[in-house]
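Report on the structure given below.
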Amino acid sequence: MILEARNLTKRFRLGNRDVDALRGVSLQVSRGEFVAIMGPSGSGKSTLLQLLGGLDTPTSGEVVLDGEVISHLGDRAATRLRREKTGFVFQFFNLIPLLDVYENVALPYTIAGVDPRHGETAVRIREVIEQVDLKGREHHRPDQLSAGEQQRVALARALVAKPAILLADEPTGNLDYSTGGEILDELWRSCDGMGQTIVLVTHDARAAAHADRVLVVGDGKIRDEIELGRRQDPDPSPLIARLTQLGL
Amino acid sequence: MRRLSSLAWRSLRARSLRSFLTMAGIALGVAVLFAALSAGAAMDAAVDRAAADEMGHADLRVQALEEQGLSRETVAVVRGVSDAAVVAPALERKTYLSASLTQTPSSKLPEPVTVLGIDVVSEPQLHDIPLAAGRLLAESDRQSALITETLSTDENLRVGDSVKLNGTAASGPVSYVIVGIIRGQGSLPDAAGRLVFLPLGDAQSLFGTTGVTRIDLGAAHGVSVERLSGELVATIKTEPYLLSQIQDLADSLRGETSDFRSALLLVAAVVLFAGAFLIFNTLSMTVAERGREVGLLRAAGASRSQVMSIVLLQALALGVLGSLIGIAGGIALAALMLSWVQSSGPITFSTPSVSAWSVAMALSIGVMVTLAASLEPAWRAGRISPIEALRRQPSGAVAGAARLRWLILVFGVLALAALAAWPRATGSDSPGTSVSSGIGSGTLGPLAVYGLMLISVLLLPFVLGPLLRVAGVPFRVFRNEERLARSSLARDRSRTALTVGALVVGLGMVVALGTAAQDVRRIGADWLAETIPGSELLTSIRPMPTTDDAIKKELAAIPGVQSVSPIGTFGVPYVYTTQENGRTLENVVRQEAAAIVGADYQTDGRLVFVAGGGDRRSAFAALDSGGSVILPKSLADSTGVHVGDSIEFATGTNLASLKVAGIVAHTLPAESQEAILVGWPDALRIFGVTGADFYAVRYAPGQESSARPKLEATATLYALQPSDLSRVQGAFGDALDRIFRLLDMLALIAVVVAGLGMVNTFSMSVLERGREIGVLRATGMTGRQVWGMVVIEAGVLGLVGAIIGAVVGLIVGALLVSWSSGGFAPIFDPPWATIGLAVLFGFLVSIAAAIYPAGMASRQSIVHALQHE
């Protein structure tokens with residue numbers, strides 16, 4: 001077990017009323033597993049991802065990542081956790097516009113104070129750039145890349161430090177159908193080929209169909225769990241059928 | 001990117017316009033600061049040089065207090081002092097060249113020359129007399145002279161020529177053969193280069209005296225100045241004198257520039273303060289703009305301190321570069337400033353002084369202010385949550401959280417820096433007071449001015465709403481644009497307050513200086529009108545004998561002249577007591593005094609007696625009959641003396657005691673003090689005054705124009721220089737105006753810095769509102785209308801800044817006025833012309849600042865704008 005959430009709740013203050021974004025969520029993710037979290041807008045799926053990645057702290061409950069309770073860490077420890085154990089892919093790519101592809105991918109090392117130009121680090125960076133099929137584009141800046149390429153840079157940056165878990169928040173939300181598919185394939189390959197644990201938040205059944213297991217979130221709770229298993233062909237039909245049954 | 005820090009440099013490069021403008025703001029602030037420090041140091045150096053020129057290698061100077069100078073006996077006593085190796089007595093007097101007097105039209109006197117009678121043997125041992133031609137004076141020389149190169153050029157005199165000098169009526173004009181020409185202007189700053197050296201005996205016989213004005217002494221080998229001084233004090237018992245070292249002379253000269261230097265530093269602090277707004281605003285905007293980017297860094301594992309360090313590194317780079325550019329610009333500015341103030345004093349300022357200290361000071365203050373201004377944005381950047389990376393739009397928490405509390409920190413840093421650089425106190429021990437520009441060399445006043453400006457900026461967000469509405473009124477013609485512009489300004493009040501804050505501070509300073517300048521000018525005019533019994537002054541370069549009143553009578557007999565009153569100014573050895581450690585100490589200081597005719601003042605109605613200041617008629621009568629004085633209120637207050645008390649003067653072996661017959665609001669201004677008024681009998685008998693320095697003439701009503709030509713012709717016969725009182729007042733005002741104009745120019749730099757900040761703010765605002773502008777354009781707004789909207793935004797902001805700046809300036813000005821009034825009823829008279837110009841300048845700077853961002857907004861592609869995030 002690499003990740004476990006125990007009875008997570010999250011309450012926000014919105015104006016003069018309290019909103020319960022999560023109302024007691026528990027889940028487990030095994031090492032090397034690809035889990036998708038689905039749900040409609042406002043269901044609490046992004047909040048759940050933030051708690052799982054240690055970006056935010058729950059109102060109650062706890063998150064255990066790689067044997068360590070991460071849900072109530074101080075800023076310093078949470079920073080270390082993000083640096084060492086998690087990788088994020090965002091909907092809006094979030095590349096640093098001033099840095100080129102190589103430098104954006106190398107960012108986790110740079111932040112950690114490791115020189116990304118030499119030794120094993122450089123080898124690893126080149127390897128992951130190759131893995132996301134961006135070889136030859138190392139010195140391009142984000143504004144010289146297509147949207148799909150930018151998201152692949154973001155994916156490479158999330159994967160480069162071999163995080164214990166990769167968290168992706170709607171990584172295809174800003175991409176067209178075929179480019180989004182390429183990114184999902186990339187994610188799946190890193191999971192299947194390299195054993196990367198992935199938690200993907202999406203509202204797109206086609207994206208979720210790449211996962212081994214889909215957790216359906218609604219009203220701040222996990223309403224259903226759909227076991228799809230590891231498949232070479234991410235056919236979304238069984239998932240869509242199940243979601244239809246659930247009225248989603 | 002080997003290190004995260006390179007992200008800081010790249011960010012600066014990527015926002016090159018913003019970085020450039022911020023750096024320019026810092027550079028301008030530091031330039032003014034460095035110019036103030038450098039000009040101050042140059043003034044210090046010039047003062048030290050002037051003091052060194054005047055004192056030469058002398059260790060001590062014994063100076064005469066009385067007009068007839070130190071007597072032959074005193075010179076003999078000093079020559080007998082065993083601890084002195086060299087004794088150089090000298091007599092200094094002003095006179096006219098006989099030739100120039102006869103060649104000049106009767107109404108205008110020529111420039112006088114200063115004659116220095118020297119001991120030809122000992123003087124060169126203590127004073128360098130560099131020769132351009134000829135030789136020094138020798139012991140055997142009779143009727144020989146040395147002149148300066150300046151005088152040689154002015155009067156076309158060469159070695160071997162004769163120079164004819166006017167002496168007393170008895171001696172008449174005497175010719176001297178020029179044996180040498182001294183290089184340059186000579187060593188006496190007051191002589192303005194027109195200096196003639198004569199052997200002491202020749203000078204004494206020319207002026208009909210046996211006295212000397214000073215004796216310079218060189219201590220014997222191994223003798224300390226203190227010991228020599230002690231021996232002199234123990235030996236000279238016959239007459240009053242002043243004992244001074246080079247430092248005393250330098251201090252007294254330095255005192256004359258300290259007000260100006262303090263004012264310069266205050267203005268520099270204000271410009272830097274405006275610069276700090278720019279830095280803070282720019283970095284705040286950058287942090288807000290890069291919210292998601294920072295969020296990503298945090299999500300990728302960057303710690304708070306790493307994020308903070310990126311912002312601080314940017315600030316450091318801007319601070320260091322801006323400060324270095326500012327220092328280079330400051331050298332040029334200091335040179336301009338020095339040449340501008342050159343004409344207001346006798347001391348020649350050379351090139352600006354660039355010392356390691358001033359460079360280090362300006363650099364460290366520039367960098368400290370930049371860092372202080374960047375701490376809050378850096379701290380805010382460090383607090384950005386990694387969740388920010390997940391948001392579709394930057395959250396309000398990042399974009400709009402500029403806080404004004406940081407201002408207190410910047411204020412503190414600047415205040416400490418200003419205190420460190422403040423000119424050291426050079427006030428004399430005298431209990432008298434002086435009237436100054438109001439800024440003063442004290443530190444409390446400037447801190448209060450500075451604090452007031454800070455408070456007004458902190459209050460800005462609270463008054464912004466109504467003020468925006470008021471300032472929007474002139475733009476109502478463009479209804480939609482005006483409303484959009486106003487709502488854009490009200491959107492982020494902190495940012496708007498900071499942007500307008502710099503303008504308020506700059507314009508406030510301009511208006512405050514204008515108010516102070518006007519008031520100081522008024523005080524100067526009021527002072528003279530209150531204390532001088534006449535509207536025309538006839539001044540003489542040498543005391544005019546008053547014993548037989550012949551000149552007075554001749555002048556008074558001119559038809560249309562109502563009264564003529566002789567006035568003599570001189571120094572008196574005033575004795576006052578102080579308490580120290582429970583003991584009463586008796587101190588003797590030089591206090592300025594003036595001899596007046598009480599009856600003339602009574603008739604003319606001059607001087608204002610304070611409550612409890614005695615009876616006017618009896619006080620003037622007491623002055624004329626002798627044994628009494630009239631004191632200025634400032635001196636009476638500071639020494640606790642009342643009417644009927646006696647005050648003492650160390651005039652010789654015994655103390656002379658005079659009774660205080662009256663206390664008046666003000667007396668005649670003399671050497672930046674208010675003079676003690678004594679009657680002529682006492683002046684002649686006790687203080688050794690030999691005559692009047694000027695006559696105050698009052699014309700009969702309506703007869704001024706008919707009487708003036710005759711009066712001026714008669715005055716010139718006695719070598720009296722006529723000058724209208726209003727011209728004296730005007731000259732005083734003009735000298736002040738020159739100084740205040742310079743300060744105004746420097747304060748306007750703060751407004752320019754504010755303008756740079758506005759370019760940044762408007763550019764950022766246009767970028768942020770990209771989508772909004774796109775929507776406006778898509779729904780039919782023309783590019784011209786968009787341009788107008790941004791320019792109106794600037795116009796409204798400029799007007800708000802100008803209105804608040806004028807109000808703040810008037811309040812600060814009123815404070816300066818109340819401090820500088822020197823007992824004159826403070827009259828609050830707003831300088832409308834200055835206010836009008838300042839408001840116009842502030843408005844125009846704002847409009848100019850919006851031109852580029854407005855162009856950017858109007859040219860923005862609609863498609864691109866609608867894609868904008």
Side-chain angles (χ1 to χ4, degrees), chain A residues 46-47 49-51 53-57 74-100 102-118 141-143 154 157-158 160-161 163 167-170 173-174 201, chain B residues 1-16 18-19 286-287 289-311 313-314 379-398 767 864 867-869:
Chain A
S46 284
T47 306
L49 187 83
Q50 288 164 18
L51 298 184
L55 296 183
D56 204 355
T57 52
D75 181 67
R76 194 181 291 265
T79 301
R80 203 194 65 239
L81 167 92
R82 290 196 292 271
R83 195 182 287 174
E84 292 169 359
K85 294 197 173 168
T86 61
F88 285 93
V89 181
F90 308 103
Q91 180 179 352
F92 296 105
F93 326 144
N94 289 349
L95 302 179
I96 308 277
L98 301 172
L99 308 182
D100 64 21
Y102 189 94
E103 290 167 328
N104 265 294
V105 173
L107 199 62
Y109 291 119
T110 311
I111 288 171
V114 178
D115 183 352
R117 296 267 159 198
H118 301 103
R141 282 208 318 272
D143 58 357
R157 183 185 61 204
V160 74
L167 301 144
D169 184 17
E170 304 274 16
N174 229 22
V201 162
Chain B
M1 193 188 60
R2 300 197 176 178
R3 293 168 53 191
L4 204 55
S5 57
S6 77
L7 198 55
W9 319 135
R10 290 192 198 194
S11 172
L12 286 178
R13 276 210 306 273
R15 295 160 179 88
S16 53
R18 200 183 298 170
S19 302
T286 306
V287 167
E289 185 189 42
R290 294 174 53 204
R292 189 183 286 164
E293 211 173 298
V294 174
L296 163 74
L297 287 174
R298 296 278 287 133
S303 64
R304 279 181 184 167
S305 56
Q306 279 179 312
V307 170
M308 277 182 78
S309 68
I310 292 175
V311 179
L313 272 173
Q314 288 179 8
W379 180 85
R380 202 142 34 86
R383 309 298 297 183
I384 288 178
S385 159
I387 296 172
E388 205 58 43
L390 303 171
R391 293 189 203 278
R392 275 156 220 274
Q393 294 284 339
S395 77
V398 175
L767 280 177
H864 180 76
Q867 284 170 345
H868 167 95
E869 276 179 23

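Numbered from 1 within each chain, the chains take letters A, B, ... in sequence-line order.
- Judged purely by atom type and a 3.5 angstrom limit, A/Arg82 uses its side chain to pair as donor or acceptor with the backbone of B/Arg298.
- Contact check for A/Thr79 versus B/Arg304: no side-chain heavy atoms found under the 4.5 Å cut-off.
- Residues A/Thr110 and B/Leu7 form no side-chain contact, since every pair of their non-hydrogen atoms from C-beta on lies 4.5 Å or further apart.
- Put simply, the side chain of A/Arg83 reaches to within 4.5 Å of the side chain of B/Ser303, judged on heavy atoms.
- By the 4.5 Å heavy-atom criterion applied to side chains, B/Leu296 and A/Phe88 are not counted as neighbours.
- Here CG of A/Leu99 is found 10.0 Å from OG of B/Ser11. Values are rounded to the nearest 0.5 Å.
- Using a 4.5 Å cut-off between heavy atoms, A/Arg76 does not touch chain B at all.
- Judged by distance alone, the side chain of B/Glu293 and the main-chain N or O of A/Leu95 form no donor-acceptor pair under 3.5 Å.
- For chain A, no part of B/Ser305 is nearby; none of its heavy atoms comes within less than 4.5 Å.
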